[in-house]
Amino acid sequence: MSAANLAPQPGPPLWLLAELTYRCPLHCAFCYNPVDFATSGPELSTDDWLRVLREARAAGSVQCGFSGGEPLVRDDLEILVAEAHRLGFYTNLLTSGVGLTAERAAALKAAGLDHIQLSFQDSTRELNDFLSHTRTFDLKQRVAALIKDNGWPMVMNCVIHRLNIDYIDRIIEMAVELGAEYLELANSQYYSWALLNRDQLLPTRDQLERAERITNEYREKYGDRIRIFFVVPDYHEKRPKKCMNGWGNVFLTVTPDGTALPCHTAKMLPGLAFPNVREMGVRDIWYESEGFNRYRGDSWMKDPCRTCPDKEKDLGGCRCQAYMLAGDPAAADPVCDKSPAHGLVVEAVARAEAGAGRSAPLVFRDPAASRRIAAEGG
Ligand code: FES
């Protein structure tokens, strides 16, 4: 019997993230899609996704997020939302807004879509369009109005980093003006494309403290009118986050080609085979596959995590970050100041403080760059 078999039986995959496609009209420099996304296999068909939805619901999933890439580039989105709704999922669309016409909004409403999260890059046209490398600012304003007109709760998301963090007041004001009920100010985490651009994107400690202070002032000013979430970049912390709320604990991500993962980026981890929904049912994927069992619980941990009194709180942090920074997915997340590799995080923050890379060009997400990076082995 393997160590994983001795661990308590995990609960169901409550949260299904259906990454319908890696196609996207935007080119964000902090995109969390894998840097080699352009080399991934063909997308699942409509029938494949309908089966995945049924299997996931039968395995206990209750919430389904449709994301990408830009999920609106799939013209079967309405069919998938309708089936998810019929099955009893709470459904959520994570979108840049590109492709959300009045007709599609009405069709998604009729299909039973519960919730839309609209992403912005900044409060100004210049920076929004620069960061996404597209002219989308005006379109997003129209889409925000469409979301309100259809009676969906307005959830805005803005990825925060060194280039926009000083305008946090204007970002909050814009969210209030557009009538958002929720605003997620999600500081960029340094994976995938954001890792390539880390020197240009990681904010300084002063910038971060100022942004948190301003956010708190706005929370006081607006009270219940808008709920503002501020997610700190973990490079500025001393203890790691409990990534994905625990490996294989709640989240099941299915990528466009059908690979099932415990998080968006786990496919890069060496020595781990992740199953594909074309070949294995969701229940078996969740409970039986090696990929999902490997880092469940704490039996895989080494020191310092193994003997750490906080191990149940953070579960050793993020496996992907441990691999990306320390080269070992079973190591402590280097964000933790007990990690022997913590110096790498300290060094990255010091580079940000010193303004390193400020003038270096950003690498924008696009298929040609993705293929080039994949060919170079990175
Ligand atoms: Fe993969 Fe944290 S992002 S485990």
Side-chain angles (χ1 to χ4, degrees), residues 4 7 10 13-19 22 28 30-37 40 65 67-68 94 157 159 161 184 186-198 201-202 231-256 259-275 285-286 289-302 305 308 310-336 339 341-342 344-345 348 365 378:
L14 292 175
W15 224 112
L16 170 68
L17 185 69
E19 289 188 329
Y22 285 142
C28 300
F30 44 75
C31 179
Y32 67 79
N33 286 164
V35 287
D36 62 355
F37 74 88
S40 96
S67 89
L94 297 101
N157 168 283
V159 175
H161 42 73
E184 189 177 78
N187 269 279
S188 180
Q189 305 290 344
Y190 293 94
Y191 299 85
S192 305
W193 297 85
L195 183 63
L196 288 180
N197 292 306
R198 188 178 64 186
L201 296 179
L202 187 62
V231 184
V232 176
D234 60 0
Y235 274 53
H236 282 279
E237 304 276 20
K238 290 203 166 47
R239 286 287 175 272
K241 60 183 178 289
K242 187 180 187 179
C243 198
M244 307 308 291
N245 208 22
W247 179 277
N249 195 28
V250 177
F251 289 96
L252 167 64
T253 296
V254 179
T255 66
T259 308
L261 300 173
C263 70
H264 314 295
T265 48
K267 205 171 174 179
M268 71 169 138
L269 300 180
L272 256 189
F274 288 104
I285 286 173
W286 185 254
S289 70
E290 202 236 340
F292 277 78
N293 279 323
R294 173 73 73 90
Y295 298 113
R296 274 194 172 124
D298 59 11
S299 55
W300 54 271
M301 288 180 182
K302 308 172 174 177
C305 298
C308 178
D310 288 334
K311 72 175 175 184
E312 307 224 324
K313 224 189 280 168
D314 57 37
L315 292 174
C318 174
R319 299 305 85 228
C320 297
Q321 197 146 265
Y323 173 62
M324 287 184 298
L325 299 182
D328 176 3
D333 184 336
V335 160
C336 182
S339 157
H342 183 62
L344 296 169
V345 172
R365 172 216 203 267

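Keep in mind that what you see is a predicted model, and the values were worked out from it rather than measured. Order of appearance sets the numbers: ligands from 1, and atoms from 1 within every ligand. Count residues from 1 along the sequence.
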query: Do the charged groups of Asp298 and Lys311 touch, with an N to O distance under 4.0 Å?
result: yes

- Is there a side-chain contact between Tyr295 and Leu272, using heavy atoms and a 4.5 Å cut-off? yes

Any heavy atom of Tyr191 under 4.0 Å from ligand 1? The part involved is side chain

Here the vertex angle at atom 2 (Fe) of ligand 1 for SG of Cys243 and SG of Cys318, given to 10°, is 110°

Looking only at protein heavy atoms, what sits closest to atom 4 (S) of ligand 1 is Arg319 N, 3.5 Å

inquiry  = Do Ile285 and Phe292 have side chains that approach each other closer than 4.5 Å (heavy atoms only, starting at C-beta)?
reply    = yes

The atoms of ligand 1 lying under 4.0 Å from a heavy atom of Thr265, numbered in the order shown, are 1 (Fe), 3 (S)

message: Atom CD of residue position Glu290 - does it have more than 12 heavy atoms of other residues, nucleotides or ligands inside 6.0 Å?
response: yes

Answer yes or no for Arg365 and Phe37: cation-pi contact, defined as NZ/CZ to six-membered ring centre under 6.0 Å and angle to ring axis within 45°.
yes

With rounding to 10 degrees, Cys263 SG, atom 1 (Fe) of ligand 1 and Cys320 SG define an angle of 100°

